[in-house]
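Below is one structure, written out as structure tokens; the observations come after it.
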Number of protein chains: 2
Amino acid sequence: MTPSGRSAEPEVIWARPQRAGRGPRPAHSRDSIAAEAVRIADAEGIEAVSMRRVATGIGAGTMSLYNYVPRKEDLYELMVDAVSGEYEFTPPSGDWRADLLALAHRTRELMHRHPWLPRLLSPVYGFGPNALRYLEHCLACLAPLGVPGGEKLELVAAVNGSVATFVAAELALAERARSLPWSEAAEQGVRTAWLGSRLATGEYPLLAAALTGGHPVAEAEADMDAVFDRSVSRLLGAWEQPAHTP
Amino acid sequence: MTPSGRSAEPEVIWARPQRAGRGPRPAHSRDSIAAEAVRIADAEGIEAVSMRRVATGIGAGTMSLYNYVPRKEDLYELMVDAVSGEYEFTPPSGDWRADLLALAHRTRELMHRHPWLPRLLSPVYGFGPNALRYLEHCLACLAPLGVPGGEKLELVAAVNGSVATFVAAELALAERARSLPWSEAAEQGVRTAWLGSRLATGEYPLLAAALTGGHPVAEAEADMDAVFDRSVSRLLGAWEQPAHTP
DNA sequence: CCTAGTTACGTACACCGTACGGAGTCAGGT
DNA sequence: ACCTGACTCCGTACGGTGTACGTAACTAGG
């Protein structure tokens, strides 16, 4: 009546039992599937992760994978939660600002290790076990902050959103270059050439000043750490005093 | 030697001339192609936008489209820039905080009108004509702010990143529901049921308190405007005083 | 006018997610 | 102890995707 992998009902992958009572014991585990998908995505980009590829990667037939992962979206959820398990939490120090800044750095490192993460994180993939652990830890760090719990979650979401977009921008060129038949430098070259030709028209004087005035792109990479730190610090600083609405 | 649509060299779509000198006059325009793609994405979601679909939509053969748009990624760039043209800029008021807050609201409305925008915006699609106009206008609004131009761009990026993640979260459920065979309510139901069952274990006391303590999800929608306004205001407020690094 | 470069587009290929059905395997109820 | 029903495994197949390639029609520059 309701064969396990064939239902057309909504379902949360985490609620589905790993081992059903009845049939033969499964030859694979959810963890090993997630690990294989992460391995492929790290090595060849998220677009290389296909059901066929993951299945053959763990030595299974393509359609066998659907016994473990009913839809491809669920595979993404498994991946996100798997790498979320890489966080190593240290007890809150009492300085919530420092704690959250350090966490943001860990998140950035995580996203550098798994460049597909920002992309997959943007829709709210929902509340796997490691995500719950992470949120609980954030709230523990935010205990000294005197705002209601709901706003603390807003703060965490705002920080993570900023980190995700920051790292996505950081990685945009490199990630694009992966799936392109030419080099990253060549791509970069034609793009800055185009931008330069537009700026040279004089139609965008402020933009031209802002782009050429500061750092000349060469030292930009070295500054990235500083820019990141400053930008997250600013965001956190905005929570120090109550929201200011004139 | 270098046939227009067949090159394997990197290329920025904006640098490619719309009309080449030599051949027959093109039967379509870049604008009409972008408009068709936007129409499809608005009506049926971004995943419905395929080269075939857009081509038949404007009454062309599939492969003819490749004369205008060398890769699908370029189609996305056209779409982003096309809707960026919907901004109607008013002259800077002198209050940069108010101006940028208003712009953020326009961006949010734009993303509600085109729910696929946050997704496509996350990697830095590059500097089409309307994006350049937008940036120039932002810088004009930020003229009263006494920081270097580079940091102004950081501010704009931070605001846009926050808006994008905010709206992405707002739209996540509705957008997910579009491509799913069951209703949004059913999906929502099983997800909150799962979350409730996890919270009931007592493993996440802070999270449980934060989620149940505040608004009971029902009135959350009505509050979205206020939450958005407050969150952007906070971010802007963080730029009032110099970055604070203890 | 010629011809080179461009437009238009049909065909084809490799790949994708996944519906379906059949065979093998095991636990629970009788 | 056996049967039966649920479950695992997986081959096949379908309708879709992006796009490489080849060919025919057309048009502007020399």
Side-chain angles (χ1 to χ4, degrees), chain A residues 1-9 11 13 16-30 32-33 37 40-41 44-78 176 179-182, chain B residues 1-9 11 13 16-30 32-33 37 40-41 44-77 179-182:
Chain A
M1 191 63 93
T2 313
S4 80
R6 214 58 67 79
S7 78
E9 313 243 322
E11 192 179 13
I13 178 110
R16 162 192 284 242
Q18 291 228 34
R19 169 102 163 86
R22 261 320 171 48
R25 61 166 25 80
H28 311 280
S29 75
R30 208 175 272 172
S32 67
I33 290 169
I40 295 172
E44 303 171 46
I46 187 65
E47 74 280 357
V49 175
S50 72
M51 297 299 270
R52 275 171 242 259
R53 192 84 159 62
V54 172
T56 64
I58 62 171
T62 304
M63 293 313 290
S64 305
L65 199 53
Y66 281 86
N67 286 316
Y68 303 85
V69 182
R71 296 179 316 272
K72 195 185 182 186
E73 236 192 31
D74 292 317
L75 183 58
Y76 290 149
E77 278 204 43
L78 289 185
R176 191 199 327 253
S179 63
L180 252 37
W182 46 76
Chain B
M1 190 64 91
T2 313
S4 79
R6 215 57 69 80
S7 79
E9 314 242 322
E11 192 179 13
I13 179 118
R16 160 192 287 241
Q18 290 228 34
R19 169 103 164 85
R22 261 319 170 46
R25 60 168 25 83
H28 310 278
S29 76
R30 207 175 273 170
S32 68
I33 290 169
I40 295 172
E44 303 171 47
I46 187 65
E47 75 279 358
V49 175
S50 73
M51 297 299 270
R52 275 170 243 259
R53 191 85 160 63
V54 172
T56 63
I58 61 171
T62 304
M63 294 313 290
S64 306
L65 199 52
Y66 282 85
N67 286 319
Y68 301 86
V69 181
R71 298 179 313 273
K72 195 185 181 186
E73 235 192 32
D74 292 317
L75 183 59
Y76 290 149
E77 278 203 45
S179 63
L180 251 38
W182 47 75

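Remember, it's a predicted structure, so these values are computed and weren't measured experimentally. Proteins get letters first, then strands, A, B, ... in listed order; numbering begins at 1 in each.
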Report the distance from atom [atom1] of [X] to atom [atom2] of [N], rounded to the nearest whole Å.
X: B:D74; N: D:dG18; atom1: CG; atom2: P; answer: 13 Å
X: B:H28; N: C:dC9; atom1: NE2; atom2: C1'; answer: 11 Å
X: B:E47; N: C:dT18; atom1: CD; atom2: C1'; answer: 16 Å
X: A:R53; N: C:dG17; atom1: CZ; atom2: C1'; answer: 16 Å
X: B:L65; N: D:dT17; atom1: CG; atom2: C1'; answer: 14 Å
X: B:Q18; N: C:dT6; atom1: CD; atom2: P; answer: 16 Å
X: A:I46; N: C:dG17; atom1: CD1; atom2: P; answer: 11 Å
X: A:I58; N: D:dC10; atom1: CD1; atom2: P; answer: 9 Å

Which pairs would a plain distance check flag for residues 47-55 of chain A, meaning a side-chain donor or acceptor within less than 3.5 Å of a matching protein atom at least two apart in sequence or in another chain?
| residue | atom | partner | partner atom | Å |
| --- | --- | --- | --- | --- |
| A:S50 | OG | A:R53 | N | 3.1 |
| A:R53 | NH2 | A:E44 | OE1 | 2.9 |
| A:R53 | NH2 | A:E44 | OE2 | 2.3 |

Any idea which of [options] is nearest the [X] side chain?
X: A:R22; options: D:dT19, C:dG28, D:dC10; value: C:dG28
X: B:A60; options: C:dC9, D:dC9, C:dG24; value: C:dC9
X: B:K72; options: C:dC16, D:dT19, D:dT27; value: D:dT19
X: A:N67; options: D:dA6, D:dT8, C:dA4; value: D:dT8

Does CZ in A:R25 sit with more than 12 non-hydrogen atoms of other residues, nucleotides or ligands closer than 6.0 Å?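 Open: at most 12 neighbouring heavy atoms sit under 6.0 Å from CZ of A:R25.
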Under-3.5 Å N/O pairs linking protein and nucleotides 10-13 of chain C:
none

At less than 4.0 Å, is any side-chain N or O atom of B:R19 found next to OP1 or OP2 of D:dA28? Yes or no. yes
Is there a side-chain polar atom (N or O) of B:S50 under 4.0 Å from OP1 or OP2 of D:dT17? yes
What are the two closest non-hydrogen atoms of [X] and [Y], and how far apart are they?
X: A:A60; Y: A:H28; value: CB-NE2, 3.5 Å
X: A:Y68; Y: A:P26; value: OH-CB, 3.4 Å
X: A:S32; Y: A:S29; value: OG-O, 2.9 Å

Is there a side-chain contact between B:R30 and B:I13, using heavy atoms and a 4.5 Å cut-off? yes
Please examine the side chains of A:P70 and A:R16, heavy atoms only from C-beta on, and report whether any two atoms are closer than 4.5 Å.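 Side chain of A:R16 against side chain of A:P70, heavy atoms only: contact under 4.5 Å found.
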Start at the 5' end of DNA chain C and walk down; is the nucleotide closest to B:R25 or to A:R25 reached first? B:R25
Using a 4.0 Å heavy-atom cut-off, does B:A55 contact any base of the nucleic acid, only the sugar-phosphate backbone, or nothing at all?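 Answer is nothing: B:A55 stays at 4.0 Å or more from every strand.
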Let me spell it out: for each of A:Y68 and B:V49, pick the nucleotide of DNA chain D with the closest heavy atom. Which residue's pick is nearer the 5' end?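 Checking each residue's closest nucleotide, the 5'-ward one belongs to A:Y68.
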